[in-house]
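Given the structure is predicted, the values throughout are model-derived calculations rather than measurements. These numbers come from the heavy atoms of this one structure, side chains and all, not from hydrogens, waters or symmetry mates. Residues take their numbers from the sequence shown, with the count starting at 1.
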Amino acid sequence: MDELDKLRRITEQLERLERLSATQAGTAAAAEHLVTREFTGKADKGGITATVDGAGNLLAIDISRLSKRRHDGVTLGDAVLEAIHAAEQAAAEAKTALMGDLGAGLGLRDLFGDAWHHFRGVGTDPR
């Protein structure tokens, strides 16, 4: 490998690191936005609504009068749990989508170039 090739490879690596740095700034902002978002889940035909934040913390539970009258304590408790789980699932799906988007934006495979070829026999393609 001559000096020109070495210089070209170093330049490519620096460009990759610059892209990673720019993406990192966006990642922090996106993660903070996710934590401040609210997600809702419903049960009992919408009579029970649970709200969680992006971190999965329970913020509120709203139970309609009709739901309170219609169910005994155990059934109402199960419906409340159903609403909470639905809200947590919505938050988890948003987090998964965000992580997928960020992972694609990071371009880690590009950052490390062809290094993954050295490990092909060890595991799977890291795409």
Side-chain angles (χ1 to χ4, degrees):
M1 179 180 295
D2 65 0
E3 292 300 315
L4 187 58
D5 282 340
K6 288 181 184 178
L7 182 59
R8 181 185 53 79
R9 291 178 66 93
I10 290 171
T11 302
E12 288 173 355
Q13 291 296 328
L14 288 173
E15 289 171 355
R16 289 178 183 142
L17 285 172
E18 287 174 7
R19 286 194 308 268
L20 180 62
S21 179
T23 303
Q24 184 180 11
T27 301
E32 184 158 332
H33 175 70
L34 177 66
V35 172
T36 60
R37 284 182 58 192
E38 293 184 0
F39 300 89
T40 59
K42 296 184 183 286
D44 192 34
K45 300 177 185 173
I48 301 171
T49 303
T51 305
V52 300
D53 64 14
N57 298 312
L58 182 62
L59 301 175
I61 298 175
D62 181 39
I63 304 171
S64 72
R65 287 185 180 177
L66 180 60
S67 291
K68 288 177 187 177
R69 288 184 192 148
R70 189 174 19 201
H71 300 296
D72 62 43
V74 173
T75 306
L76 185 61
D78 289 342
V80 167
L81 285 176
E82 181 183 335
I84 292 171
H85 289 149
E88 290 172 335
Q89 181 65 33
E93 288 172 3
K95 181 179 179 181
T96 299
L98 175 67
M99 290 297 138
D101 292 346
L102 293 176
L106 287 174
L108 294 177
R109 182 173 180 181
D110 289 339
L111 177 66
F112 294 109
D114 292 330
W116 72 272
H117 285 292
H118 298 288
F119 300 101
R120 278 199 301 201
V122 176
T124 60
D125 184 351
R127 281 186 246 192

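- A distance of 7.0 Å separates CD in Glu12 from CD in Glu15, rounded to the nearest 0.5 Å.
- Grouping the Ile, Leu, Val, Met, Phe, Trp and Tyr side chains by contacts below 4.5 angstrom, directly or via other members, places Ile48 apart from Leu81.
- Tested against His71 for a side-chain contact (heavy atoms from CB on, under 4.5 Å), the candidates Asp78, Asp44, Leu66, Val80 yield a single pass: Asp44.
- One distance of note links NZ of Lys95 with CD of Glu93; it measures 13.5 Å at 0.5 Å rounding.
- Rounding to the nearest 0.5 Å places CG of Leu58 at 8.0 Å from OG1 of Thr51.
- To the nearest 0.5 Å, atom CD of residue Glu88 and atom CG of residue Asn57 are 9.5 Å apart.
- Considering only residues two or more places apart in sequence or on other chains, Arg37 meets the salt bridge (Lys or Arg N to Asp or Glu O under 4.0 Å) condition with none of them.
- Residues Ala91 and Asp53 share a closest heavy-atom pair of CB-O, 3.9 Å.
- Residues Ala50 and Ala87 share a closest heavy-atom pair of O-CB, 3.6 Å.
- Side chains of Leu59 and Phe39 form no contact here, defined as non-hydrogen atoms less than 4.5 Å apart.
- Once rounded to the nearest 0.5 Å, the distance linking CG of Asp2 with CZ of Arg8 reads 9.0 Å.
- Atom-to-atom distance recorded for Ile63:CD1 and Arg65:CZ is 13.0 Å, nearest 0.5 angstrom.
- Scanning all heavy atoms of the two residues, the minimum distance from Ala86 to Gly41 falls at CB-CA, 3.7 Å.
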